[in-house]
2 protein chains.
Amino acid sequence: MSHSIPRSLVKNLDLFRAVPDKDLDTVLSIARPMRLNAGDPVFQQGQPATQFFVLLHGHLKVVQTTAEGEQVVVRYVIPGEVFGIAKAMQRPAYPASCLAVEESVVLGWPSAEWDRFMTSNLQFAANALQAVGQRLHDAHARIKELSTEEVEQRVARCLLRLIDSSGEKTDDGIAINFPITRQDIAEMTGTTLHTVSRLLSAWKEQGMVLTGRKRVTVRKVDDLIRLAEGAGACSSKPAARKKPVEPA
Amino acid sequence: MSHSIPRSLVKNLDLFRAVPDKDLDTVLSIARPMRLNAGDPVFQQGQPATQFFVLLHGHLKVVQTTAEGEQVVVRYVIPGEVFGIAKAMQRPAYPASCLAVEESVVLGWPSAEWDRFMTSNLQFAANALQAVGQRLHDAHARIKELSTEEVEQRVARCLLRLIDSSGEKTDDGIAINFPITRQDIAEMTGTTLHTVSRLLSAWKEQGMVLTGRKRVTVRKVDDLIRLAEGAGACSSKPAARKKPVEPA
DNA sequence: CGTCCCGTTGATCCCTATCAAATGTAGTGG
DNA sequence: CCACTACATTTGATAGGGATCAACGGGACG
């Protein structure tokens, strides 16, 4: 193996789950590793989708920029996940930009290899379908939230999801594993950095979170869950019922 | 063939594109056709995903219900599309409900058959991946809109998308092909039926649309596009720039 | 021909974006 | 080691887009 990428690195990735070792070796022989510093782009929105990737270490941010120049954070990529598979879905170009939010390591393959992987191993196709299915599910959950919930709930849920996927137990609580700004959280929840700042300030006041520059730590997960479920300031929200409650 | 479903019915579906005839015959022999009247459910949110389907004729609505009882329209299914493929993404239950909005005909297969189709024909797997990829793309577009655009733009875009997928040329303009209420449009765009009603009234006033009970016809597509692009009431929106424009 | 459902429209309120400005914090180069 | 700078964060004041509340009008269907 010219690249000396240990097979174990890839063996545990969801995308390659249950793929036989001999196929893995082929996969690895073509893989091109890449190191990234914080802020480095992996690819840019609109570029031809020449490669697809797996994140080995670090954290990436996937961002869509609107015609008006506003940004929306599509998702954060965590180690082990595939990304940049636009070509696999027959899209010629990346629909979003992807950049490292901290030092990261990715593995890349030419998009053309995707079809080879699919044909040579059926399990690979099923794994890919599941991965995309999961993302579709997440996207629908987000649409539901943006459509029906208030900002406080959405931000609470956002933090919960972040500590769920990238939480790190510390002395003070569960910290988000990577640098993230108020602006980032705003772009994930469809609000403004000002509103996020106000919410975090209020929550810090109550001891629910600890905050620092580009850092958030959750101290009281249960309280945050309660907020996400809708136990916010609106004390009299009758929880959308079809028929009015009839007093006996 | 016990069911006498003509092969031509399935041959042109995206999901079965480029699938050889002999495989198609197998597919057809297992297919179970189903007729639906307006309002009939195909499956309900939370039910075990025992089948997946293709819509042959009519229109279906996919709806998610929140814990608070509010509804979000995930999408409308148009003839030729697959739906209910939760199991293919390894989800045990349907994440949303699906019901006919008019007389419709669907073809259903047991979920277990999915894997057989995948294994027996690679093209099928690729087609499925592309279909889900397209939906993911649509979902992201919607998230972007909900996050950054105002109600007027979102509703305008919604109508445009509807006439694009289900528009029918009439003497008066392009009509949406199936019955749809203000409430439905509201649930697609994250607003209320009142706001949608007001917008449609205003647009009718200007001759941009024609409206009827459960019917919408677009007369001036270009004007609607202009609205969707952001040419709304906000005359002074500085289009989110990083640096202020410097006069020479 | 009555009843349900869909649609329309006015009045009011409030959540949250927007505007404005100060404070704090990491990094940098002298 | 400190001044300087760029960026992140905080916080107050204000305004406005839409949700909400309330009522009525109208077409379809049994």
Side-chain angles (χ1 to χ4, degrees), chain A residues 37-39 68 70 101-102 146-156 176 178-187 189-205 209-217 227 230 232-244, chain B residues 37-39 68 70 101-102 146-156 176 178-187 189-205 209-217 227 230 232-244:
Chain A
N37 291 316
E68 280 73 30
E70 291 175 281
V101 297
E102 60 179 354
L146 284 166
S147 298
T148 66
E149 294 179 354
E150 315 229 311
V151 169
E152 187 178 48
Q153 296 179 61
R154 302 206 302 265
V155 174
I176 296 173
F178 57 87
I180 185 168
T181 67
R182 311 288 183 268
Q183 175 80 40
D184 290 327
I185 297 174
E187 288 172 1
T189 52
T191 179
T192 62
L193 77 161
H194 305 104
T195 299
V196 173
S197 177
R198 272 182 248 270
L199 284 171
L200 287 181
S201 294
W203 293 346
K204 181 163 61 176
E205 201 80 1
V209 299
L210 285 177
T211 64
R213 189 190 172 88
K214 290 191 175 186
R215 293 289 165 188
V216 181
T217 304
L227 278 184
C234 40
S235 47
S236 61
K237 202 172 186 182
R241 53 178 181 259
K242 274 71 192 272
K243 298 168 186 173
Chain B
N37 291 316
E68 281 72 31
E70 292 175 281
V101 296
E102 61 178 355
L146 284 165
S147 298
T148 66
E149 295 180 353
E150 314 229 314
V151 170
E152 187 177 47
Q153 296 179 61
R154 302 206 303 266
V155 174
I176 295 173
F178 57 88
I180 186 168
T181 68
R182 311 288 184 269
Q183 176 79 40
D184 290 327
I185 297 174
E187 289 172 1
T189 52
T191 180
T192 62
L193 76 161
H194 305 105
T195 299
V196 173
S197 177
R198 272 182 249 270
L199 284 170
L200 287 181
S201 294
W203 293 347
K204 179 162 63 176
E205 201 81 0
V209 300
L210 286 178
T211 65
R213 190 188 172 85
K214 290 191 175 187
R215 294 288 166 188
V216 181
T217 303
L227 278 185
C234 40
S235 48
S236 62
K237 202 174 186 181
R241 53 179 179 256
K242 273 72 193 271
K243 297 168 187 172

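None of these values were measured; they are calculated from a predicted model. Just so we're on the same page: letters track the sequence lines, and every chain starts at 1.
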Does [X] put a side-chain nitrogen or oxygen below 4.0 Å from OP1 or OP2 of [N]?
X	N	result
B:T195	D:dG18	no
A:T192	C:dA17	yes
B:T181	C:dC6	no

Please tabulate, one pair per line, all N/O donor-acceptor pairs under 3.5 Å involving side-chain atoms of residues 178-186 of chain B, not counting sequence neighbours.
| from | atom 1 | to | atom 2 | distance (Å) |
| --- | --- | --- | --- | --- |
| B:T181 | OG1 | B:Q183 | N | 3.3 |
| B:T181 | OG1 | B:D184 | N | 3.0 |
| B:T181 | OG1 | B:D184 | OD2 | 3.1 |
| B:Q183 | NE2 | B:E187 | OE2 | 2.9 |
| B:D184 | OD1 | B:K61 | NZ | 2.7 |
| B:D184 | OD2 | B:T181 | N | 3.0 |

Reckon B:S201 touches a base, only the sugar-phosphate, or nothing at all at heavy-atom distances under 4.0 Å?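 Result for B:S201 = sugar-phosphate.
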
In this structure, how many angstroms lie between the [atom2] atom of [N] and the [atom1] atom of [X], rounded?
X	N	atom1	atom2	value
A:E152	C:dA17	CD	P	13 Å
B:R182	D:dA19	CZ	C1'	19 Å
A:L200	D:dT10	CG	P	7 Å
B:R198	C:dC6	CZ	C1'	15 Å
B:E187	C:dC6	CD	P	11 Å
B:L146	C:dA17	CG	C1'	17 Å
A:L193	C:dT18	CG	P	11 Å
B:Q183	C:dT8	CD	C1'	15 Å

For residues [X] and [Y], report the shortest heavy-atom separation together with the two atoms involved.
X	Y	value
B:L146	A:S147	CD1-OG, 3.7 Å
A:K204	A:T211	NZ-OG1, 3.2 Å
A:I176	A:R215	O-NH1, 3.7 Å

Given C:dT9, D:dT9, C:dT16, the nucleotide with the shortest approach to the side chain of A:S197: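 So the side chain of A:S197 is nearest to D:dT9.
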
Nucleotide nearest B:T211 (side chain, heavy atoms from C-beta), chosen from C:dT8, D:dA19, D:dT10: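 Among the listed nucleotides, the one closest to the side chain of B:T211 is C:dT8.
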
Can you build the contact string for nucleotides 23-30 of chain D? Use B for base contact, S for sugar-phosphate-only contact, and - for no protein heavy atom under 4.0 Å. ---BBS--

Roughly how far apart are [X] [atom1] and [Y] [atom2], rounded to 0.5 Å?
X	Y	atom1	atom2	result
B:T189	B:E149	OG1	CD	11.5 Å
B:R198	B:L193	CZ	CG	9.5 Å
A:E150	A:T148	CD	OG1	9.5 Å

